[in-house]
Amino acid sequence: MVRSPAFAQGMVLPPGPTLYVGGQNGLDADGTLLDGLGPQTEQALRNVLAVLAEAGTDADHVAILRIFLTAGVDPTAAFEASAAVWGRRRTAVTVVSVPESRPGVLVEIEAVASVPVA
């Protein structure tokens, strides 16, 4: 199997409760949808990180990110933007092209993570 420098083919997480993070998009705390794929991707990932933190976990405990991109969108900007927020973690990733879910929404990101047992 090819080893990707950008993502893992699979992840094993320590035991603990599982957190399912629902689809996050590029809405800021005021509910404003940011403009462009790069800013929306960064904001969606910040939103994922906020949900993780609220549940007592972090990006290092994420098993998979599912990234839904509006059909026809070049994923290059999303990949580049993700590094600014997510870093170069080798998380398992699935990217799917989907019809536009809402006007202007270019990306939506879900996550599955474990919550460490104290």
Side-chain angles (χ1 to χ4, degrees):
M1 181 174 285
V2 174
R3 179 174 166 86
S4 169
F7 62 88
Q9 299 292 353
M11 299 291 294
V12 176
L13 297 177
T18 303
L19 170 66
Y20 296 89
V21 179
Q24 302 296 311
N25 51 42
L27 292 174
D28 66 14
D30 295 325
T32 301
L33 180 64
L34 301 184
D35 188 34
L37 181 59
Q40 284 188 27
T41 301
E42 288 182 14
Q43 185 61 49
L45 286 168
R46 282 192 293 270
N47 294 344
V48 167
L49 290 171
V51 175
L52 294 171
E54 183 69 24
T57 192
D58 59 29
D60 290 330
H61 292 88
V62 172
I64 190 165
L65 292 173
R66 291 187 190 98
I67 303 172
F68 302 93
L69 294 175
T70 298
V73 170
D74 179 357
T76 304
F79 176 72
E80 291 170 356
S82 69
V85 177
W86 200 254
R88 294 293 181 196
R89 285 182 181 83
R90 292 189 66 251
T91 308
V93 174
T94 299
V95 180
V96 181
S97 179
V98 297
E100 185 177 65
S101 62
R102 291 193 342 235
V105 173
L106 303 174
V107 62
E108 187 166 323
I109 303 174
E110 299 179 341
V112 177
S114 68
V115 179
V117 178

Notebook entry, point to check: Sequence neighbours excluded, which residues qualify as side-chain hydrogen bond (donor to acceptor under 3.5 Å, both in side chains) partners of T32?
Noted result: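 If we apply the side-chain hydrogen bond (donor to acceptor under 3.5 Å, both in side chains) test to T32, skipping adjacent residues, there are no hits.
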Checklist line | Flag, side chain of T41 to backbone of S82, donor-acceptor distance under 3.5 Å | finding: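 No, T41 side chain to S82 backbone: no donor-acceptor pair under 3.5 Å.
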Notebook entry, point to check: Listed by chain and number, what are the side chain to side chain contact (heavy atoms under 4.5 Å, CB included) partners of V96, not counting sequence neighbours?
Noted result: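 Applying side chain to side chain contact (heavy atoms under 4.5 Å, CB included) to V96 gives F68, T94, V98.
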Return the [atom1] to [atom2] distance between [X] and [Y], rounded to the nearest 0.5 Å.
X	Y	atom1	atom2	value
D28	E42	CG	CD	13.0 Å
H61	L19	NE2	CG	12.0 Å
L27	R46	CG	CZ	12.0 Å
L13	T18	CG	OG1	8.0 Å
Q24	E110	CD	CD	9.5 Å

State, yes or no, whether a side-chain contact exists between [X] and [Y] at a heavy-atom distance under 4.5 Å.
X	Y	result
L52	D58	no
V117	P17	yes
Q40	L33	yes

Notebook entry, point to check: V95 and F79: side chain to side chain contact (heavy atoms under 4.5 Å, CB included), yes or no, with the steps?
Noted result: CA-CA 10 Å; V95 180; F79 176 72; over 6 Å; no
Check: Is D35 atom CG crowded by more than 12 heavy atoms from other residues, nucleotides or ligands, each under 6.0 Å away?
Finding: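 At most 12 heavy atoms, drawn from other residues, nucleotides or ligands, come within 6.0 Å of this atom.
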Next item on the list: State which residue, out of I67, V62, I109, fulfils the side chain to side chain contact (heavy atoms under 4.5 Å, CB included) condition with V93.
Entry: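 By the side chain to side chain contact (heavy atoms under 4.5 Å, CB included) criterion, V93 pairs with just one of I67, V62, I109: I67.
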